[in-house]
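Numbered from 1 within each chain, the chains take letters A, B, ... in sequence-line order.
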There are 2 protein chains.
Amino acid sequence: MTAPTADDRSLPLRERKRLRTRRALTETALRLFTERGFDATTLDDLVDEAEVSRSTFFRNFPAKEAVAIEAEVELWTAYLHRLRDRKLSGPVLAELHRCLADAVTALDPGWDGRYLATRRLILTAPALLAYVDHYRTGVEDEAISCLATALRVDPDDLRLHVLARLTTTCWSVSGRDWVRRDGRGGRQALVTGLARAYRSVPESLALSATPR
Amino acid sequence: MTAPTADDRSLPLRERKRLRTRRALTETALRLFTERGFDATTLDDLVDEAEVSRSTFFRNFPAKEAVAIEAEVELWTAYLHRLRDRKLSGPVLAELHRCLADAVTALDPGWDGRYLATRRLILTAPALLAYVDHYRTGVEDEAISCLATALRVDPDDLRLHVLARLTTTCWSVSGRDWVRRDGRGGRQALVTGLARAYRSVPESLALSATPR
DNA sequence: CGGTTATGTGGGACTGAGTGTCAGATTGGA
DNA sequence: TCCAATCTGACACTCAGTCCCACATAACCG
């Protein structure tokens with residue numbers, strides 16, 4: 001489950017190079033965007049600093065925004081991966097929770113810092129926020145199709161949509177909280193917060209307004 | 001609740017003109033995008049056909065995508081409007097449902113056709129889909145802040161996030177279904193489908209996988 | 001090992017969205 | 001009727017993203 005690193009000798013040379021440039025780009029991007037701002041940093045600045053061509057950039061990332069949210073992508077990729085592999089049994093919401101929590105736990109040690117940087121960046125750049133919103137929708141769709149297959153249910157079944165969105169909602173709220181505390185408590189605190197979020201889901205439907 | 005039309009004599013002339021150009025732009029846009037495709041239609045094509053300048057376009061819409069999803073905006077604007085005005089009492093999810101259903105019902109008669117055209121367009125243009133995803137997130141955030149104020153609850157309370165997202169989820173599924181049937185059954189069918197969606201929300205949490 | 005093929009890279013030209021500015025027109029008010 | 005506020009059109013500019021082609025380098029095979 002560990003992501004292949006650029007110096008993994010088992011990979012063909014070409015693949016290793018690709019990973020190296022990818023990593024160079026994400027690192028440089030996070031640094032430049034943080035220092036100068038997302039909008040103020042042009043793609044030319046970035047590829048210049050990372051010493052690759054614009055062509056190469058677009059062969060690795062579909063858009064300027066994409067290189068800034070690698071940490072987000074790593075998380076959801078791991079989540080979907082687990083969801084696909086897992087034999088589901090029992091309440092589905094709990095299964096989704098488990099997949100997400102496991103995914104978070106297994107991410108490489110440097111992820112925390114990268115994710116914090118990414119989230120902070122997003123707070124300053126509307127374009128990034130829009131990009132993440134749409135990206136997560138894609139993740140939800142993937143999750144729905146996984147579930148539909150695994151449970152042998154119509155992909156249009158509302159229940160799947162609700163469950164898939166609940167997962168991103170729980171993440172969104174607990175993740176934001178974690179970032180607000182600057183990641184204090186580390187991975188453990190994040191997982192704990194996530195669990196609390198999932199626990200309070202059932203209360204949501206019961207929420208009632210008392211007219212004053 | 002009826003949107004002001006371009007020939008409402010009670011409005012100052014300036015405002016009437018503004019509405020007229022807005023309407024010209026949305027109508028032309030929907031037509032051109034449908035005929036030639038969203039990507040294949042340039043902004044110059046559009047403003048040329050609508051007989052306004054590019055400057056005027058960007059004074060009315062923040063992006064090319066925005067002019068294509070006016071029907072979507074009308075819906076959610078009406079929803080949020082009702083949500084703000086309404087005195088909430090009882091189960092909040094039911095209240096949200098009521099706001100949305102009322103909003104749909106009250107929209108002007110031409111809305112059906114415009115919305116169908118918009119949704120079909122979105123199926124063909126990824127950029128539009130991304131734009132709508134992000135737009136709806138904004139609506140959810142607005143709804144959350146409304147609810148937080150009305151219920152005197154922390155805006156970070158997960159329950160509000162869940163409720164706000166459930167609303168867009170229910171809409172998304174029932175709306176897609178309605179569009180797939182080419183809007184057959186009209187507004188009434190849409191509202192009925194929406195009600196069914198809301199009804200099946202509680203079952204979602206209970207959904208359980210039976211290992212085979 | 002040497003030669004061939006496939007794949008990746010850099011460079012440059014091009015399109016089109018979105019922004020800023022400014023002079024001129026149009027509206028609202030006195 | 002005249003003035004001030006506001007809106008419009010036109011133009012120049014930046015930058016993201018696409019396309020294409022010559023060249024290099026890795027992978028494969030005899």
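- Rounded to an integer number of Å, the gap from B/R16 CZ to C/dT26 P is 16 Å.
- Summarising the geometry, the separation between CG on A/D39 and P on C/dA17 is reported as 19 Å, rounded to the nearest angstrom.
- Rounded to whole angstrom, the span from the CZ atom of A/F61 across to the P atom of D/dT18 amounts to 15 Å.
- Atom CZ of A/F57 and atom P of D/dA16 are 9 Å apart (whole Å).
- A donor-acceptor pair shorter than 3.5 Å can be found between the side chains of B/T56 and B/S53.
- Counting only distance, with no hydrogens or angles, the side chain of A/R86 and the backbone of A/C99 share no donor-acceptor pair below 3.5 Å.
- Rounded to whole angstrom, the span from the CG atom of B/L43 across to the C1' atom of C/dT15 amounts to 13 Å.
- The backbone N or O of B/P155 lies less than 3.5 Å from a partner atom in the side chain of B/H161, making a donor-acceptor pair.
- Taking atom CG of A/D48 as the reference point, atom C1' of D/dC15 lies 15 Å away to the nearest angstrom.
- Side-chain atoms of B/R165 and A/T168 form a donor-acceptor pair, as typed in the model, at a separation below 3.5 Å.
- Distance CD1/A/I122 to CZ/A/R176: 11.5 Å, rounded to 0.5 Å.
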What does the list of N/O pairs under 3.5 Å between the protein and nucleotides 7-11 of chain D look like, with a distance for each?
| from | atom 1 | to | atom 2 | distance (Å) |
| --- | --- | --- | --- | --- |
| D/dG9 | OP2 | B/S53 | N | 3.2 |
| D/dG9 | OP2 | B/S53 | OG | 3.0 |
| D/dG9 | OP2 | B/T56 | OG1 | 2.3 |
| D/dG9 | N7 | B/S55 | OG | 3.3 |
| D/dG9 | O6 | B/R59 | NH2 | 3.2 |
| D/dA10 | N7 | B/S55 | OG | 3.2 |
| D/dA10 | N6 | B/S55 | OG | 3.0 |

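- Between the CZ atom of B/F58 and the P atom of C/dG16 there is a distance of 14 Å, rounded to whole Å.
- Between A/Y131 and A/Y135, the distance separating the two ring centers is not shorter than 6.0 angstrom.
- We find that NZ of A/K64 is positioned 14 Å from C1' of C/dA17, with the value rounded to whole Å.
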